[in-house]
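Below: one structure, written as structure tokens.
All values reported here derive from a predicted model rather than from experimental measurement. Each chain gets a letter, A, B and so on, in the order the sequences are listed, and its residues count up from 1. Values below: all heavy atoms of this structure, side chains included; hydrogens, waters and symmetry mates excluded.
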There are 2 protein chains.
Amino acid sequence: MARKPPTKPRKNALQERSRATVDALVEATARILVREGFEKTSTNRIAEIAGVSVGSLYQYFPSKEALVAAVIERHNEEIMGIVRTTLNEVMDMPIEKAVRRLVTVAIEAHRINPELHRVLAEQIPRAGKLDVEAFNREVHSLVRAYFESHRKEMRKIDLDVATFICVSSIEAVAHNTVLNQAEMLSEKMVRTLVDETTRMVAGFLR
Amino acid sequence: MARKPPTKPRKNALQERSRATVDALVEATARILVREGFEKTSTNRIAEIAGVSVGSLYQYFPSKEALVAAVIERHNEEIMGIVRTTLNEVMDMPIEKAVRRLVTVAIEAHRINPELHRVLAEQIPRAGKLDVEAFNREVHSLVRAYFESHRKEMRKIDLDVATFICVSSIEAVAHNTVLNQAEMLSEKMVRTLVDETTRMVAGFLR
DNA sequence: AGGAAAAGCGAGTGAATGCTCGCATTATAA
DNA sequence: TTATAATGCGAGCATTCACTCGCTTTTCCT
């Protein structure tokens with residue numbers, strides 16, 4: 001029972017043509033996920049949209065899950081890149097400025113590809129669990145590192161607890177802002193939300 | 001195309017026997033969702049576990065989605081009951097005390113049936129979208145009502161923005177606490193989290 | 001009692017879909 | 001050029017699963 005479908009490619013793309021095939025497949029998967037939803041995302045359809053045969057698909061991805069996982073990984077990596085960069089930039093800033101920047105970036109990150117983000121968050125069943133956990137762990141440890149080196153500006157508080165609460169809150173505000181209110185997202189509104197969220201988090205830490 | 005599966009029962013349960021059947025079906029659905037996950041939850045299996053035939057299942061639920069929707073509704077109603085009650089109790093309390101109570105209740109609510117909550121949050125694809133939105137709207141309006149009647153204790157701030165940020169944050173902390181850290185959930189830890197989250201939110205409002 | 005309505009049954013059907021396999025085409029290198 | 005490897009193909013297999021339909025059993029009502 002409990003068959004665990006493989007996630008690693010059964011063959012690596014060596015020549016240029018096959019690398020293009022792999023890209024096309026991942027791209028097609030993302031497009032179909034966004035445009036038709038997870039339910040309609042079948043391997044036959046992915047192959048069709050990628051302009052490739054099912055057979056070729058299975059040369060590089062051992063299962064449907066592997067393809068979805070590749071899309072998730074690509075998206076997560078894109079966001080993690082931004083987060084890593086931002087936390088570097090922010091390392092020397094005081095708390096208030098740093099938090100403001102992080103809140104802003106969190107919203108920006110969610111706006112990279114909101115539709116894909118929504119599908120990944122709402123429709124993907126089991127897969128990517130490990131990816132998401134690794135993602136969270138990295139964000140947590142990056143933020144925690146910032147807090148450590150700014151301890152003197154902060155009141156006495158357990159750093160893990162502080163990190164947990166801050167990251168959860170900022171992520172939730174960004175997520176809900178982008179996904180539940182995409183319509184009423186004037187620039188003014190965003191600025192207010194950033195201001196207030198920053199106030200909450202920075203006030204909490206001081 | 002875009003076939004929308006019905007959600008209303010095709011027949012209402014009138015006699016006692018049939019009401020028991022309906023209950024057994026919903027209960028079985030919840031059990032299978034928790035024990036085997038959404039993917040393994042088939043109508044045949046639900047009927048089997050409920051001790052009922054597939055034919056009978058389709059007497060009362062026109063589609064698989066309808067069954068899952070019933071489970072979601074039951075779970076949401078259970079939580080909303082608690083939230084409504086709590087907000088009544090809290091109506092006359094000052095902000096600090098009220099927020100503390102709300103944070104505590106949020107965590108308790110997530111602990112009612114964590115496994116079901118996880119499955120509903122992580123594995124259910126399309127369904128229940130409307131339910132979730134209605135749920136959020138009601139929570140939002142209840143909390144907003146409390147804020148309105150305690151405006152004098154608060155600094156000047158747009159009540160919708162304040163509600164949005166507070167509800168998002170509290171929900172996220174409760175959700176992540178229960179679902180990502182079920183293991184290391186000592187009572188002491190919970191108390192710390194409640195204390196700190198309360199401090200953050202109450203401080204934000206004053 | 002007896003007839004009607006409600007409830008229950010479960011083998012079977014049809015459609016969807018993940019994936020395989022034997023073969024065809026293209027690239028590489030000797 | 002030609003042998004070998006890499007890449008690509010897509011009809012079809014095997015399975016799963018939501019759902020139907022003709023029928024039986026139970027309950028209700030007079």
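For the pair A:Gln59 CD and C:dT25 P, the computed distance is 16 Å after rounding to whole Å. D:dC19 atom P lies 14 Å from atom CG of B:Leu25, rounded to whole Å. If you take NZ of A:Lys64 and P of D:dT16, they are 16 Å apart, rounded to a whole angstrom. The OH-P distance, from B:Tyr58 to C:dT13, rounds to 17 Å in whole Å. Atom CG of B:Leu67 and atom C1' of D:dC19 are 13 Å apart (whole Å). What separates NZ of B:Lys40 from P of D:dT15 is a distance of 14 Å, to the nearest Å. In this structure, B:Glu39 places its CD atom 13 Å from P of C:dT17, rounding to the nearest Å. The interatomic distance linking A:Arg45 (CZ) with C:dC19 (P) rounds to 18 Å, in whole Å.
When each of D:dA18, C:dG8, D:dG8 is scored by its nearest atom to the side-chain atoms of A:Thr21, the top-ranked nucleotide is D:dG8. With C:dG18, D:dT7, C:dA6 as the candidates, the nucleotide lying closest to the side chain of B:Gln15 is C:dA6.
Looking at heavy-atom distances under 4.0 Å, B:Thr43 makes contact with a base.
A residue-by-residue look at B:Glu16 and A:Asn44 shows that A:Asn44 has its nearest nucleotide of DNA chain D further toward the 5' end. Comparing B:Arg17 and B:Thr41 against DNA chain D, the residue whose closest nucleotide sits nearer the 5' end is B:Thr41.
Contact of the A:Glu196 side chain with the A:Val173 side chain is not registered, since no non-hydrogen atoms from C-beta on lie closer than 4.5 Å.
Residue pairs meeting the ring-ring contact (aromatic ring centres under 6.0 Å, His included) criterion with at least one member in residues 167-192 of chain B, sequence neighbours excluded: B:His110-B:His175, B:His117-B:His175.
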*Could you walk me through whether A:Arg45 and A:Glu48 pass the salt bridge (charged side-chain N to carboxylate O under 4.0 Å, His left out) check?*
CA-CA 5 Å; A:Arg45 185 114 182 81; A:Glu48 182 190 332; 3.4 Å; yes
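Geometrically, A:Lys64 engages A:Phe38 in a cation-pi contact defined by less than 6.0 Å to the ring centre and at most 45° from the axis.
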For residues 20-27 of chain A, which side-chain N or O atoms pair as donor and acceptor with protein atoms under 3.5 Å away, sequence neighbours left out?
{"unit_1": "A:Thr21", "atom_1": "OG1", "unit_2": "A:Arg17", "atom_2": "O", "d": "3.2"}
{"unit_1": "A:Glu27", "atom_1": "OE1", "unit_2": "A:Arg74", "atom_2": "NH1", "d": "3.3"}
{"unit_1": "A:Glu27", "atom_1": "OE1", "unit_2": "A:Arg74", "atom_2": "NH2", "d": "3.0"}

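Within the 4.0 Å cut-off from OP1 or OP2 of D:dG8, at least one side-chain nitrogen or oxygen of A:Tyr60 is found. Checking the phosphate oxygens (OP1, OP2) of D:dA18, no side-chain nitrogen or oxygen of B:Ser63 falls inside 4.0 Å.
A heavy-atom distance below 4.0 Å to DNA chain D is reached by these residues of residues 46-57 of chain A, ordered by number: A:Val52, A:Ser53, A:Val54, A:Gly55, A:Ser56.
For B:Ser18 (side chain) and B:Gln15 (main-chain N/O), a donor-acceptor pair under 3.5 Å exists by modelled atom type. Under the 3.5 Å distance criterion, the side-chain polar atoms of A:Thr104 are matched with a main-chain donor or acceptor of A:Arg100.
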